[in-house]
Asks: 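One structure is given below, represented as structure tokens, and several questions about it will come after.
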Amino acid sequence: MNIKQIFENNKKWVSEKLKIDKNYFKELSKGQSPEILYIGCSDSRVTAEELMGVQPGDVFVHRNIANMVPNTDLNVMSVINYAVSQLKVNHVVVCGHYYCGGVKAAMQSADLGILNPWLRNIRDVYRLHRDELNSIKDEETKYKRLVELNVQEQCVNVIKTSDVQKAIRERKLTVHGWVFDIHSGNLIDLKIDFDKILEGISEIYHIT
Ligand SMILES: [Zn+2]
């Protein structure tokens with residue numbers, strides 16, 4: 001892959017789109033009204049649009065290391081605010097993936113500089129689910145489960161935001177926790193029972 005090739009690919013892509021619809025880019029420039037906000041990992045193997053088979057305009061995308069939704073991260077919080085309150089998406093997806101380097105790094109003791117505070121959020125997930133995770137003897141299975149539980153906790157962080165709370169009440173916005181299995185290419189819906197999870201914590205967060 002070289003940079004020159006990318007611009008050649010782009011030219012080819014433009015002509016292919018125009019062959020199907022000569023107004024394609026004219027229409028695209030009019031605005032966006034995506035149905036979905038996708039929060040995923042920056043991992044180069046886990047694309048957003050390609051693995052979902054969606055087109056430009058379909059999905060509002062945010063990616064960071066290990067698909068995190070820290071409550072104090074201005075970046076992800078701005079994305080959620082804009083997507084939910086302005087673009088009025090009806091679905092918010094947090095998509096993790098097995099073999100996530102960020103999740104793996106979080107559980108190792110190496111000093112990773114600026115990444116330390118970012119990845120510490122994943123250690124918090126481990127601490128919250130320590131009993132379940134420690135009971136898993138196989139290391140690979142344990143990491144896979146931590147990836148899933150991290151998705152679950154980041155979904156809870158999404159639900160805790162006031163924009164999402166409001167949208168759930170007003171238009172039944174739905175939050176989804178997914179995992180992409182790099183090993184098979186399959187997208188897995190974790191079918192997380194948020195009602196049950198939130199029931200246990202609503203007294204702390206005052207979530208309605
Ligand atoms: Zn990752």
Side-chain angles (χ1 to χ4, degrees), residues 1 6 34 36-54 56 58-80 82-84 89 91-130 132-134 136 138-161 164 174-192 194 197:
M1 174 63 65
I6 286 173
I36 302 170
L37 163 61
Y38 170 99
I39 300 168
C41 183
S42 297
D43 193 306
S44 61
R45 300 164 297 175
V46 188
T47 62
E49 289 86 352
E50 192 174 335
L51 70 89
M52 290 187 281
V54 296
D58 289 343
V59 181
F60 201 69
V61 172
H62 178 75
R63 291 168 71 182
N64 62 36
I65 292 173
N67 42 271
M68 302 302 289
V69 185
N71 303 303
T72 51
D73 178 42
L74 198 54
N75 192 348
V76 70
M77 287 300 143
S78 305
V79 166
I80 291 172
Y82 185 68
V84 173
V89 297
H91 301 272
V92 179
V93 170
V94 176
C95 185
H97 67 102
Y98 296 141
Y99 311 104
C100 181
V103 171
K104 189 128 200 165
M107 298 316 297
Q108 288 158 356
S109 54
D111 183 0
L112 298 167
I114 189 69
L115 273 176
N116 288 341
W118 185 258
L119 296 177
R120 204 170 293 136
N121 294 302
I122 302 171
R123 285 187 183 234
D124 292 339
V125 173
Y126 194 101
R127 182 166 47 80
L128 280 169
H129 298 275
R130 186 169 32 190
E132 181 188 341
L133 288 164
N134 282 348
I136 304 170
D138 179 62
E139 278 298 302
E140 192 178 326
T141 312
K142 187 193 284 194
Y143 273 117
K144 282 180 154 182
R145 186 61 187 141
L146 179 56
V147 163
E148 295 173 1
L149 290 168
N150 184 46
V151 166
Q152 177 181 309
E153 292 304 326
Q154 304 318 313
C155 284
V156 170
N157 284 344
V158 168
I159 294 170
K160 283 190 297 194
T161 64
V164 169
T174 334
V175 176
H176 311 262
W178 296 350
V179 165
F180 176 67
D181 181 10
I182 293 189
H183 208 260
S184 68
N186 290 326
L187 197 55
I188 302 159
D189 185 350
L190 296 174
K191 296 195 168 67
I192 301 166
F194 292 114
I197 292 164

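Side-chain atoms are counted along with the backbone in the values below, which use heavy atoms only and exclude waters and symmetry mates. Atoms within a ligand are numbered from 1 in the order they appear, just like the ligands themselves. One-based numbering along the sequence shown.
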Asks: Can you sort out the partners of Met107 under side chain to side chain contact (heavy atoms under 4.5 Å, CB included), two or more places apart, ordered by chain and number?
Replies: Arg123, Tyr126, Tyr143, Leu146
Asks: For Ile6, look at atom CD1 and say whether over 12 heavy atoms of other residues, nucleotides or ligands are found less than 6.0 Å away.
Replies: yes
Asks: Side-chain donor-acceptor pair under 3.5 Å between Glu49 and Tyr38, yes or no?
Replies: no
Asks: Can you name the side chain to side chain contact (heavy atoms under 4.5 Å, CB included) partners of Leu187, sequence neighbours left out?
Replies: Leu51, Met52, Cys95, Trp178, Phe180
Asks: In the structure I gave you, are the side-chain heavy atoms of Lys144 and Ile136 within less than 4.5 Å of one another anywhere?
Replies: no
Asks: Report the protein N/O/S neighbours of the Zn ion (ligand 1) that fall below 2.8 Å; do not count waters.
Replies: Cys41 SG, His97 NE2, Cys100 SG
Asks: Please list all pairs meeting side-chain hydrogen bond (donor to acceptor under 3.5 Å, both in side chains) that have one or both residues in residues 70-80, counting only residues at least two apart or in different chains.
Replies: none
